[in-house]
Amino acid sequence: MTLDHFAQNAKSSWWNEAGPDADIVRSSRIRLARNFRDYKFPTIYNKEEANEIMELVKEKLEKSNATVVGNLELFELEKLEPLERQVLVEKHLISPNLAEDSLYAACLLSENEEISIMVNEEEHIRIQCMVSGLQLTEALEVANKYDDWVEQQIDYAYDEERGYLTSCPTNVGTGLRASVMMHLPGLVLTRQINKIIPAINQLGLVVRGMYGEGSSAVGNIFQISNQITLGKSEKDIVEDLTSVVQQIIAQERSAREALVKTSHIQLEDRVYRSLGVLLNARIIESIEAATCISDVSLGIDLGYIKNIEKSVMNELMILTQPGFLQKYAGGPLQPYERDVRRASLIRERLDSAQIENS
Amino acid sequence: MVCQECNQRPAALHFTKIINGEKKEIHICDKCAQEKGDLFMQSGANGFSINNLLSGLLNIEPFLQQKKTSTFPHVEELKCKNCHLTFKEFVHVGKFGCATCYEEFKDSLDPILKRVHGGNTAHVGKIPERLGESIHLRKQIKDLKSELKSLIDQEEFEQAALVRDQIRLLEKGDEAAAEERGNQL
């Protein structure tokens with residue numbers, strides 16, 4: 001397996017099995033922050049110490065017989081092209097932080113891309129499990145399996161009172177960050193989102209854009225995750241988030257119903273205008289593309305558009321990101337060239353998707 | 001939207017700061033964000049990081065002043081004996097240097113953890129399997145002792161004797177025998 005396996009398809013194979021409520025919840029993700037005992041944290045360690053962590057991971061995890069958990073492939077980020085790193089970020093396999101400024105950074109990936117273990121990011125390792133739809137409990141189970149497997153090989157920094165010790169005080173305790181990626185065009189169009197986000201914040205949850213910290217909610221995609229990691233069990237954290245997400249799903253569904261009822265023709269107009277743009281534009285910026293993709297996705301969910309699969313839209317969302325575009329083009333592009341390239345790529349993909357279905 | 005710092009340029013960074021449930025929205029332009037220094041900007045395209053916010057959170061004046069006069073007069077000179085990170089640096093960076101920091105800064109940690117974790121300071125979740133064996137054992141003994149007490153209160157002496165034996169076996173480290181005894185209950 002080479003990186004091309006991961007970099008060539010915008011779609012991760014775990015997408016193929018659509019999970020519960022996958023029309024609104026694109027994915028559920030669990031991340032466990034873990035540090036190894038007796039090693040300094042990435043905050044202050046020097047190059048040699050970072051390398052020691054890398055060597056430890058190579059020796060214990062890469063070479064270890066991983067049949068219990070399935071094969072993992074190790075990629076050292078320094079050996080990857082900047083574009084390849086960006087592609088991994090755009091697929092949510094690694095964090096922007098890991099790609100940018102981590103010493104001896106690496107990631108261990110499973111073939112279906114469900115599992116990614118980031119090495120030498122903010123913490124020594126972060127075990128990530130990502131699945132389709134709203135399945136946080138299932139994702140936690142899988143992540144726990146990998147966590148137990150790592151702990152069999154390497155001692156963790158753990159304290160009876162504080163739990164898993166982390167460099168960042170916001171991760172200590174369970175080290176668990178659970179998050180869901182939601183597509184909420186109904187709540188945005190009805191402007192209810194402005195009331196819902198503060199309410200979610202009140203519950204100790206965080207709302208962000210598609211690429212996490214600091215990114216804005218492009219394409220009506222919101223990431224909701226837990227803030228508190230200490231003093232709550234993993235099960236409670238995941239259950240609390242799940243129940244909030246279920247509420248938001250219900251709100252989104254009723255917003256969509258209300259929209260269809262009150263402004264059916266406006267909505268249909270919006271959906272088809274956006275489809276028109278995607279099918280015909282020769283130059284398209286990423287934000288416009290994301291907005292149109294969101295509209296068309298909604299149109300597919302509502303049954304306005306029948307000859308395009310929803311998965312094509314999900315794929316386009318990733319495919320139209322700068323890293324992927326340039327990887328497809330075979331090299332770096334100027335922003336203007338990207339916009340041209342993006343438009344042609346969307347047209348090609350939609351044309352072939354419509355032929356497949358006609 | 002206009003930047004709330006200079007009231008001139010359009011705001012480019014928008015974020016919400018929540019401290020103990022109190023929400024504050026901040027809208028600021030690139031230039032003012034840079035002038036504000038590392039509270040707002042981090043190198044690279046990531047822009048804004050939670051740790052910058054965190055260090056702001058930890059840095060608030062009343063907290064340090066209160067610490068200066070409280071039981072820990074030299075809180076700022078505190079230094080981790082393992083990784084040599086000082087408490088002051090920890091507050092500035094918003095991150096620990098190593099596991100030992102948690103021990104070294106123990107007395108000053110509770111208020112910080114409370115702020116970040118909705119009032120919580122102690123872990124109640126997963127215990128690592130291998131490392132946690134002794135922790136499991138201690139917890140088991142503690143649970144059995146409280147069971148023993150309630151059995152004695154209820155004058156269930158036969159049962160109590162079995163539990164007592166189980167505790168003794170566990171304390172000797174003979175888990176297999178203790179489990180057998182437990183099964184007789």
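Values reported hereafter were calculated over all heavy atoms of this structure, with side chains retained and with hydrogens, waters and symmetry mates removed. The sequence lines fix the lettering, A, B, ..., with proteins before strands; numbering per chain opens at 1.
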If you apply the rule side chain to side chain contact (heavy atoms under 4.5 Å, CB included), what do you find for Leu109(B) with Arg162(A), and how did you get there? CA-CA 11 Å; Leu109(B) 277 190; Arg162(A) 308 288 193 199; 3.9 Å; yes

Just wondering, do Asp147(A) and Lys126(B) contact through their side chains at under 4.5 Å, heavy atoms? yes

Taking atom CD of Glu161(A) as the centre, report whether more than 12 heavy atoms of other residues, nucleotides or ligands fall under 6.0 Å from it. yes

Side chains of Lys232(A) and His123(B): closer than 4.5 Å at any heavy-atom pair? no

With chain B, which of Ile228(A), Leu176(A), Leu230(A) has the greatest number of heavy-atom pairs at distances under 4.5 Å? Leu230(A)

Sort by residue number and list every residue of residues 36-44 of chain A having at least one heavy atom under 4.5 Å from chain B. Arg37(A), Lys40(A), Phe41(A), Thr43(A), Ile44(A)

Does Arg130(B) pair with Asp148(A) as a salt bridge, N-O distance under 4.0 Å? no

Chain B heavy atoms under 4.5 Å from Val172(A): which part of the residue, side chain, backbone, both or neither? both

Please state whether the side chain, the backbone, both or neither of Glu89(B) comes within less than 4.5 Å of a heavy atom of chain A. neither

Sidechain-backbone polar pair: Glu151(A) side chain, Glu129(B) backbone, donor-acceptor under 3.5 Å: yes

Are more than 12 heavy atoms, taken from residues, nucleotides or ligands other than Ile152(B), located less than 6.0 Å from that residue's CD1 atom? yes

If we only count heavy atoms from C-beta on, is the Leu165(A) to Phe96(B) side-chain gap below 4.5 Å? no

For Asn144(A), is it the side chain, the backbone, both, or neither that has a heavy atom closer than 4.5 Å to a heavy atom of chain B? both

Pairwise distance CD1(Ile112(B)) to OG1(Thr170(A)) - rounded to 0.5 angstrom: 12.5 Å

With side chains defined as the heavy atoms from C-beta onward, is the minimum distance between Pro128(B) and Tyr164(A) less than 4.5 Å? yes

Side-chain heavy atoms of Ile127(B) within contact of Glu160(A), under 4.5 Å: no

If only atom types and distance count, is the side chain of His117(B) paired as donor or acceptor with the main-chain N or O of Pro169(A) below 3.5 Å? yes

Once you round to the nearest 0.5 Å, how far does SG of Cys168(A) lie from NZ of Lys95(B)? 6.0 Å

Please check: side-chain N/O of Tyr102(B) versus main-chain N/O of Thr166(A), any donor-acceptor pairing under 3.5 Å? yes

Less than 4.5 Å to any heavy atom of chain B: does that hold for the side chain of Asn35(A), its backbone, both, or neither? neither

Does any heavy atom of chain A fall under 4.5 Å from the side chain of Thr121(B), the backbone, both, or neither of them? both

